[in-house]
Amino acid sequence: MARASGCSVSTVSRVLANSRPVGVGTARRVREAAERLGYRPNQVARALRSRSTATVGLVLPQITNPFYPTLVRELTHVLDERGRAVLLADCDDDPAKEAARIESLLARQVDALLVVPVDEHRSRPAVTAAAARVPLVLLDRSCGPGVADLVAVDNAAGMALVLDHLAAQGRRRPCYIGADGTASAAAERRAAYEAGVTSLTPGESPLLALGDFSAAWGREAVDRLWNERQRGDGPAFDAVVCGNDLIALGAIQRLRQLGADVPGQIAVTGFDDVPPADLADPAVTTVRQPVRDIAVEAVRLLERRLATGQDVGHSTYGESAGGESADGESADGGPVGSGPTDSARPGAPTAASPSGAGTRHAVRLAPQLVVRASTAPAPPSAPGAPGTLGARGGTGNGPVASGTPGGSPAGDAVRHTTAPAPRSTDSPSAPLSSKAAP
């Protein structure tokens, strides 16, 4: 290649490795020669020399959930922009398989790991061990405080958007269909629902049906709730709040099979805004996760860890935003806002903790409410009238996509959560709430 380009071997090496500045004309001649000769770099040789494979392992709990392919797509794009490839592993919602997949990726010498854990508690040993070996960022779900960096949507804010919207549409007796277990996203959404629904049903216990994040469970849960209502064993409900879109799709399907008018009698909401949500009949009102911004923030944290040569025993970082961490505590375990890192400049190194463990960061991104036909306002009627299931205060049965009662149906309405939060310089469109976690 040196002969073909008329350059020295060292110059060719610098151009191909992009290790030192080379003149524009010289670099062009080298690259043209490489193209003519069909040169392709040996990535294995590069990895041996640089001690970096330029790969990131991505571990998912269940690839069949349509939220995760969307996340994979964005992560792949962001990492590709930074010259890194992705090795993907699915673990069938099995913590034992998850541990094996993580170990397999580490054996392949990935530079870092991105993990959506199966379970907050059962995934913790494998994730903790991996985080001590390579930079690791958790996505969507936590493994508890202090285990690894986390990037996720603000589930509590998302559930508050749903409940406020239902109240504005005249719905007063919602029920919740979600996932049981200790996956943090499931637990956070369930807890947020239980805390927020008391304003709609004061003095009453929340009506819950807990299973898993599947359409099949959505159908089964509706059967249970409907049968209890028909027997008089359960309260009437005029809205079904679902823990994710798959549950919502199953719930809508079964409600219509049972003869219920959706949304006339019963409104249905989801969470995540997966592509099928817009194709349902009626289309599902849901909480949209900022998937692109989740990917950008996760890769930003990984790059920061990689730049400092792994976090354990090295410099630690504080975030400038004063939001909550995944466990609602500050870096020192005190109330939010009391930790010494809350006022640190983003990216500014602080002293390492006495134990030598790097500070962990939890980044919570703001969700959006996408209003579609499944939550059109409830029709007005006398309290307890047949077919209303307790709903009151709405007008009309048709789809409302403008985000306000009686608004224009042209397109989905998107509602932002709260006042704008501090933004990452790497992701100018991403409002975030972040802080150092234990």
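If you read the sequence from its start, that first residue is 1, and numbering goes on from there.
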Taking [Y]'s backbone N and O only, do any of them form a donor-acceptor pair with [X]'s side chain (distance below 3.5 Å, no angle check)?
X      : Y      : result
Arg141 : Pro117 : yes
Ser123 : Glu120 : no
Arg82  : Val78  : yes
Ser374 : Ala267 : no
Asp111 : Thr53  : yes
Asp272 : Val274 : no

| task | Would you please name every residue forming a side chain to side chain donor-acceptor pair (under 3.5 Å) with Asn155, sequence neighbours left out? | result |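 Result, side chain to side chain donor-acceptor pair (under 3.5 Å) vs Asn155: Glu188, Arg189.
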
| With sequence neighbours excluded, what pairs up with Thr286 under the side chain to side chain donor-acceptor pair (under 3.5 Å) test? |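 For Thr286 the side chain to side chain donor-acceptor pair (under 3.5 Å) partners, ignoring immediate neighbours, are Asp245.
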
| query | What pairs with Phe213 under ring pair (Phe, Tyr, Trp, His ring centres under 6.0 Å), at least two apart in sequence or on another chain? | reply |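 Listed in chain order: nothing, the list is empty.
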
How close do [X] and [Y] get, heavy atom to heavy atom, and via which atoms?
X      : Y      : value
Arg171 : Gln265 : NH1-O, 3.4 Å
Ala131 : Ala148 : CB-CB, 4.4 Å
Ala192 : Met159 : CB-CB, 3.7 Å
Leu138 : Cys143 : CD1-N, 3.6 Å
Ala248 : Val284 : CB-CG1, 4.0 Å
Gly218 : Ile177 : O-CD1, 4.4 Å

Hey, what do you get for [atom1] ([X]) to [atom2] ([Y]), rounding to the nearest 0.5 Å?
X      : Y      : atom1 : atom2 : answer
Leu302 : Arg84  : CG    : CZ    : 8.0 Å
Leu150 : Leu139 : CG    : CG    : 8.0 Å
Leu87  : Ser104 : CG    : OG    : 9.0 Å
Asp90  : Leu58  : CG    : CG    : 10.0 Å
Trp217 : Asn244 : CH2   : CG    : 13.0 Å
Ile294 : Asp140 : CD1   : CG    : 6.5 Å

Check this for me, if you would: do [X] and [Y] make a salt bridge, where the nitrogen-to-carboxylate-oxygen distance has to be below 4.0 angstrom?
X      : Y      : value
Asp94  : Arg101 : no
Arg304 : Asp149 : no
Arg364 : Glu297 : no
Glu220 : Arg224 : yes

| task | For the pair Asp278 and Asp273, evaluate side-chain contact (heavy atoms from CB on, under 4.5 Å) and give the outcome as yes or no after the intermediate values. | result | CA-CA 8 Å; Asp278 191 32; Asp273 195 25; 5.6 Å; no

Would you check if [X] and [Y] make a side-chain contact, meaning some heavy-atom pair closer than 4.5 Å?
X      : Y      : answer
Arg256 : Pro282 : yes
Val86  : Asp80  : no
Glu303 : Arg300 : no
Phe271 : Val241 : no
Arg288 : Leu161 : no
Gln169 : Pro263 : no
Leu114 : Leu79  : yes
Asp92  : Gln62  : yes

| request: Decide side-chain contact (heavy atoms from CB on, under 4.5 Å) for Leu106 and Leu113; before the verdict, give the C-alpha distance in whole Å, the side-chain angles of both, and the deciding distance to 0.1 Å. | output: CA-CA 8 Å; Leu106 291 173; Leu113 285 170; 3.9 Å; yes

| said: Test side-chain contact (heavy atoms from CB on, under 4.5 Å) on Leu246 and Ser214; report intermediate values, then the result. | reply: CA-CA 5 Å; Leu246 287 179; Ser214 70; 5.6 Å; no

| Sequence neighbours excluded, every pair satisfying side chain to side chain donor-acceptor pair (under 3.5 Å) that has a member inside residues 194-205 |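 Residue pairs passing side chain to side chain donor-acceptor pair (under 3.5 Å), neighbours aside: Arg173-Glu204.
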
| query | Does a side chain donor of either His165 or Thr375 reach within less than 3.5 Å of an acceptor in the other side chain? | reply |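 Side chains of His165 and Thr375: pair found under 3.5 Å.
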
| said: Applying salt bridge (charged side-chain N to carboxylate O under 4.0 Å, His left out), can you list everything that pairs with Arg122, at least two apart in sequence or on another chain? | reply: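 Here the qualifying residues are Asp119.
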
| task | For Asp180, enumerate each residue passing the salt bridge (charged side-chain N to carboxylate O under 4.0 Å, His left out) test, keeping only those at least two apart in sequence or located in another chain. | result |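 Per chain and number, Asp180 pairs via salt bridge (charged side-chain N to carboxylate O under 4.0 Å, His left out) with no residue.
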
| message | I'd like to know whether Tyr193 forms a side-chain contact (heavy atoms from CB on, under 4.5 Å) with Leu208, so could you lay out the CA-CA distance, the side-chain angles of the two residues, the decisive distance to 0.1 Å, and finally the verdict. | response | CA-CA 10 Å; Tyr193 174 83; Leu208 308 174; 3.8 Å; yes

